[in-house]
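Throughout, numbering of the chain's residues begins at 1 and tracks the sequence.
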Amino acid sequence: MGKATGMATYTLPELPYDYSSLEPVISGEIIELHHDKHHAGYVKGANDTLEQLAEAREKEQWGNITGLEKNLAFHLSGHILHSIYWRNMTGDGGGEPLEKDGTGELADAIAESFGSFARFKAQLSKASATTQGSGWGVLAYEPLSGRLVVEQVYDHQGNIGQGSVPILVFDAWEHAFYLQYRNQKVDFVEAMWRVVNWQDVSARYTAAKAGGGKLLLA
Ligand code: MN
């Protein structure tokens, strides 16, 4: 490794609850493996890829630039989405944002963007449950329009609009549910609504909205 490398940029965040806190919706065994092994792998992958890119720059060896850029997108996006995912959930969750977020701003934004909470819930559920291979269902703030949108993410990084800020993420990879739900991804997605931490989603919405409008400095 060259002298420009070596600094670990990303670290695995601690879970804000015990492994078993989301039971019976998600088993403690799944959460432990998912956080300690899968998420940790994306953190290491992102840091390793940054080191490999630094080495490529130093040696001016660009033969694998395409693979390195793809790996950076994959691992970094995996790290970011999982960091949001853990905070999006709580054992005391569920219900609707109007009851839980205190301000009603998120509930209003959902109604304006999707017609109603029920229609939003149906769209995010369907997008999550119909991912092909590995992916996520994501509620994101889209800063150009100021709307909320649902995205069906391929792997961790594909099929998204540039600039969109994820505020509620449903992990639909098999590692997120298979030990408990086997092949019943629809059942897992339906159960997920019972652990949604609307206070966290609402705080993310407020922060995303405050940071919006800076995407195009025309
Ligand atoms: Mn995952």
Check whether any side-chain heavy atom of [X] lies under 4.5 Å from a side-chain heavy atom of [Y], and answer yes or no.
X      : Y      : answer
Ile110 : Pro97  : yes
Asp36  : Tyr19  : yes
Val165 : Lys209 : no
Ile160 : Val138 : no
His175 : Lys37  : no
Tyr10  : Leu76  : yes
Thr49  : Phe74  : no
Met89  : Ile26  : yes

Quiz prompt | Worked check of side chain to side chain contact (heavy atoms under 4.5 Å, CB included) between Leu53 and Glu69 | solution = CA-CA 8 Å; Leu53 281 162; Glu69 297 292 3; 4.2 Å; yes
Taking all heavy atoms of [X] and all of [Y], pick out the closest pair and write down the distance.
X      : Y      : value
Tyr205 : Ala109 : OH-CB, 3.3 Å
Trp198 : Gly94  : CD1-O, 3.3 Å
Ser21  : Tyr17  : OG-CB, 3.5 Å
His75  : Ala46  : CB-N, 3.4 Å
Arg87  : Glu14  : NH2-O, 4.2 Å
Pro24  : Tyr181 : O-OH, 4.2 Å

May I have the list of side-chain donor-acceptor pairs in residues 185-197 shorter than 3.5 Å, sequence neighbours left out?
unit_1	atom_1	unit_2	atom_2	d
Lys185	NZ	Thr131	O	3.0
Lys185	NZ	Thr131	OG1	2.8
Trp193	NE1	Ser125	OG	2.9
Asn197	OD1	Gln199	N	3.3
Asn197	OD1	Asp200	N	3.2

Starting at [atom1] of [X], measure out to [atom2] of [Y] and round the result to the nearest 0.5 Å.
X      : Y      : atom1 : atom2 : answer
Trp86  : Leu81  : CH2   : CG    : 11.5 Å
Leu72  : Asp48  : CG    : CG    : 11.5 Å
Leu12  : Ser83  : CG    : OG    : 7.5 Å
Leu179 : Ile30  : CG    : CD1   : 5.0 Å
Lys121 : Ser116 : NZ    : OG    : 11.5 Å
Leu124 : Leu148 : CG    : CG    : 11.0 Å

How would you list, by chain and number, every residue that makes a side chain to side chain donor-acceptor pair (under 3.5 Å) with Trp173, sequence neighbours excluded?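 Trp173 satisfies side chain to side chain donor-acceptor pair (under 3.5 Å) with no residue once adjacent residues are dropped.
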- Query: Is the backbone N or O of Ser113 less than 3.5 Å from a side-chain atom of Arg147, with the two atoms forming a donor-acceptor pair by type?
  - Reply: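 Answer holds: yes.
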ask   = Is a side-chain N or O of Glu105 found less than 3.5 angstrom from the main chain of Ser202, in a donor-acceptor match?
value =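 Not a single qualifying donor-acceptor pair exists.
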Item to complete: Determine the sole option in His82, Lys44, His79 for which the side chain to side chain donor-acceptor pair (under 3.5 Å) test with His39 is passed.
Response: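 That would be His79.
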Name the atoms and distances for all side-chain donor-acceptor pairs under 3.5 Å in residues 149-156, with sequence neighbours left out.
unit_1	atom_1	unit_2	atom_2	d
Glu151	OE2	Gly161	N	3.1
Glu151	OE2	Ser164	OG	3.3
Gln152	NE2	Ala127	O	2.8
Gln152	NE2	Thr130	OG1	2.9
His156	ND1	Trp136	NE1	3.0
His156	NE2	Tyr42	OH	3.3

**OP:** Begin with the C-alpha distance, continue with both residues' side-chain angles, and end with the deciding distance and a verdict on side chain to side chain donor-acceptor pair (under 3.5 Å) for His34 and Asp171.
**Re:** CA-CA 10 Å; His34 198 169; Asp171 193 337; 2.9 Å; yes
